[in-house]
2 protein chains.
Amino acid sequence: MAPAPNAATPAGRPADEELSRRILDVGLDLLHEHGYAALRVEHVAKAAGCGKAAIYRRHADKAALVAAIVLAHAEIGECPDTGSAREDLLEHALQNQRNQEGKGVAAGRAMSAILEPEVFALVWDSLFLVRRRHGERILDRAITRGELPSDVDPDVILDALSGLTLLRHAIEGVRVEPRQYLALIDALLTSPPRLLHASEGTD
Amino acid sequence: MAPAPNAATPAGRPADEELSRRILDVGLDLLHEHGYAALRVEHVAKAAGCGKAAIYRRHADKAALVAAIVLAHAEIGECPDTGSAREDLLEHALQNQRNQEGKGVAAGRAMSAILEPEVFALVWDSLFLVRRRHGERILDRAITRGELPSDVDPDVILDALSGLTLLRHAIEGVRVEPRQYLALIDALLTSPPRLLHASEGTD
DNA sequence: AACATACGGAACGGGCCGTTTCGTAAGTGT
DNA sequence: ACACTTACGAAACGGCCCGTTCCGTATGTT
């Protein structure tokens with residue numbers, strides 16, 4: 001009889017889960033230090049205390065390794081729902097910031113790795129698309145509550161807010177203060193961008 | 001006598017300026033196609049119809065080559081001065097967009113090259129810092145004209161505007177419509193972000 | 001004509017990616 | 001206790017690319 005085709009224990013020496021974790025952890029550090037192009041898989045192995053084979057047994061190639069590093073440390077977070085669009089958007093922006101400041105997955109040099117085409121394709125859905133859905137849900141609820149007009153342009157609000165963080169952290173390397181997020185959010189909520197802008201039509 | 005120590009003609013066969021240009025032109029195309037890590041110097045040489053030596057005679061290494069490619073094609077543009085902050089900021093944003101859409105130096109895959117640490121150090125001043133100064137001048141003039149309060153926070157306005165373009169083009173690959181820029185600009189001019197936010201102080 | 005420099009082509013050393021092989025370690029079921 | 005299965009570290013390998021150096025030739029100045 002086949003020896004227990006149970007997926008729980010596939011027989012043989014089990015993979016060292018602690019090592020799997022260590023690879024992703026030291027990988028993030030080295031990614032911050034060197035960026036994508038200068039990152040050496042062998043250095044990751046050395047720092048994790050293993051051979052290259054252990055890494056390639058877990059990840060198809062360097063791009064997949066880096067994508068796994070990014071996804072393992074990305075803080076997607078829950079979609080905020082405080083009952084106030086202002087507070088929801090602030091929390092949403094702060095979640096973004098947490099991923100891009102300090103040792104975040106999108107901080108400084110690590111951002112170049114995410115934009116590398118082969119890595120980008122692997123992290124796009126899980127990283128950007130999910131967070132985008134959160135933002136859209138926040139705006140939908142705000143419309144339902146009457147905090148925003150129904151023809152508000154979500155692209156401008158969400159991308160200006162996320163773009164502010166992206167530019168400040170990835171390019172300028174400077175932190176955004178919570179009061180600066182609030183200043184932008186208040187401006188956007190006070191005169192909300194519309195899909196059909198008010199200045200059009202009578203021009 | 002020393003043979004004319006004139007810097008204009010250093011004697012010997014002069015460098016082929018047309019080739020210098022061709023290297024930078026085909027380099028931009030290949031950068032768009034492959035990104036930084038997958039860009040091969042030898043392919044640039046092949047596409048430009050020359051040997052690798054001709055490239056390395058002009059540029060110290062791959063990073064310097066890519067930096068030169070980016071700087072050669074960057075459209076810095078003049079600082080807009082229309083007399084209206086709204087129009088100045090729109091033109092400022094459109095200048096940014098021109099560098100990031102289509103075959104712009106910061107479009108799509110080319111952005112990963114700019115963020116690569118070694119390249120970034122070479123293009124930072126000439127690319128980002130100069131354009132940032134333009135934005136600050138626009139806001140200063142707007143304050144002088146009374147269009148904005150004197151304690152306006154330039155970081156929020158300029159970085160939200162540039163960040164919108166950066167996120168949409170580099171990450172999402174979608175163009176920003178002029179009306180969307182205007183919607184954001186109008187929101188920022190209507191309730192301008194202050195260095196000391198209104199909600200503070202009485203808290 | 002003598003000289004100086006750029007040119008394309010080819011070859012080279014060094015480094016990294018990704019694979020493979022080896023002997024060993026750590027789990028399974030009988 | 002035993003065979004079996006799989007993961008492990010170490011090392012070697014082929015292939016590709018970076019960056020340099022050589023060559024013979026082309027193109028300019030004096």
Side-chain angles (χ1 to χ4, degrees), chain A residues 1-24 26-27 30-31 33-69 113 116-119, chain B residues 1-24 26-27 30-31 33-69 113 116-119:
Chain A
M1 178 75 65
N6 195 345
T9 44
R13 177 177 173 175
D16 188 342
E17 309 249 359
E18 189 180 321
L19 173 59
S20 303
R21 200 68 197 192
R22 214 161 46 217
I23 290 172
L24 300 177
V26 303
L30 292 176
L31 198 58
E33 196 170 347
H34 302 292
Y36 181 77
L39 177 72
R40 306 296 168 221
V41 177
E42 192 165 2
H43 293 180
V44 178
K46 227 38 167 183
C50 68
K52 283 195 302 177
I55 292 183
Y56 282 105
R57 204 173 294 120
R58 291 167 169 78
H59 310 281
D61 54 17
K62 181 176 169 179
L65 166 64
V66 171
I69 291 173
E116 203 64 35
E118 294 166 346
V119 180
Chain B
M1 174 82 63
N6 195 344
T9 46
R13 177 177 174 176
D16 188 343
E17 308 252 0
E18 190 180 320
L19 173 59
S20 302
R21 199 70 199 191
R22 214 162 45 218
I23 290 172
L24 299 178
V26 304
L30 292 176
L31 198 58
E33 198 170 345
H34 302 292
Y36 180 78
L39 177 73
R40 305 297 168 222
V41 177
E42 193 164 2
H43 292 180
V44 178
K46 233 25 170 188
C50 66
K52 283 195 301 178
I55 292 183
Y56 281 106
R57 206 175 292 122
R58 291 167 169 79
H59 310 281
D61 53 16
K62 182 177 169 179
L65 166 65
V66 171
I69 291 172
E116 203 64 33
E118 295 166 347
V119 180

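Sequence lines set the chain letters: A, B, ... in the order given, protein chains first and strands last, and positions in each chain run from 1.
- Remark: the B/Lys52 side chain and the C/dG9 base include no donor-acceptor N/O pair separated by less than 3.5 Å.
- Mapped onto DNA chain C by nearest heavy atom, A/Ala37 and B/Cys50 fall at different nucleotides, with B/Cys50 at the one closer to the 5' end.
- A straight line from CD of A/Glu17 to P of C/dA26 spans 17 Å, rounded to a whole angstrom.
- Between the NE2 atom of B/His59 and the P atom of C/dA6 there is a distance of 14 Å, rounded to whole Å.
- At a cut-off of 3.5 angstrom, counting only N and O atoms as typed in the model, there is a donor on one side and an acceptor on the other between the side-chain of A/Arg13 and the base of D/dA7.
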Test side chain to side chain contact (heavy atoms under 4.5 Å, CB included) applied to A/Ile69 and A/His59, step by step: CA-CA 10 Å; A/Ile69 291 173; A/His59 310 281; over 6 Å; no

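- A straight line from OH of A/Tyr36 to C1' of C/dC16 spans 12 Å, rounded to a whole angstrom.
- Proximity of B/Arg57 to the phosphate of C/dC7: a side-chain N or O atom is located under 4.0 Å from OP1 or OP2.
- The residue B/Ile55 sits apart from the nucleic acid: no heavy atom pair falls under 4.0 Å.
- Counting to the nearest Å, the C1' atom of C/dA25 and the CG atom of A/Asp16 are 12 Å from each other.
- The two atoms that bring B/Ile55 and B/Val41 nearest to each other are CD1-O, 3.9 Å, heavy atoms only.
- A straight line from CG of A/Leu65 to C1' of C/dC17 spans 12 Å, rounded to a whole angstrom.
- One interatomic measurement links the two molecules: CG of A/Asp61 to P of C/dC16, which rounds to 18 Å at whole-angstrom precision.
- Using a 4.0 Å heavy-atom cutoff across all strands shown, A/Gly51 reaches sugar-phosphate atoms only and no base atom.
- Proximity note for A/Tyr56 (side chain, C-beta onward) versus C/dG27, C/dG18, D/dG19: the nearest is C/dG18.
- Salt bridge status for B/Arg21 with B/Glu17: absent, with no side-chain N to carboxylate O gap under 4.0 Å.
- For A/Arg58 against A/Ser20, the heavy-atom pair with the smallest separation is NE-OG, 2.7 Å.
- Dashed line: the shortest gap from a side-chain N or O of A/Arg58 to OP1 or OP2 of D/dC8 is under 4.0 Å.
- A/Glu116 places no side-chain N or O within 3.5 Å of a backbone atom of A/Tyr36 that could act as its donor or acceptor partner.
- Between B/Ala53 and A/Ala53, it is A/Ala53 whose nearest contact on DNA chain D lies nearer the 5' terminus.
- When rounded to the nearest whole Å, the span between CD of B/Glu42 and P of D/dC17 equals 8 Å.
- Across the protein-nucleic acid pair, A/Leu19 atom CG and D/dA7 atom P stand 12 Å apart, rounded to whole Å.
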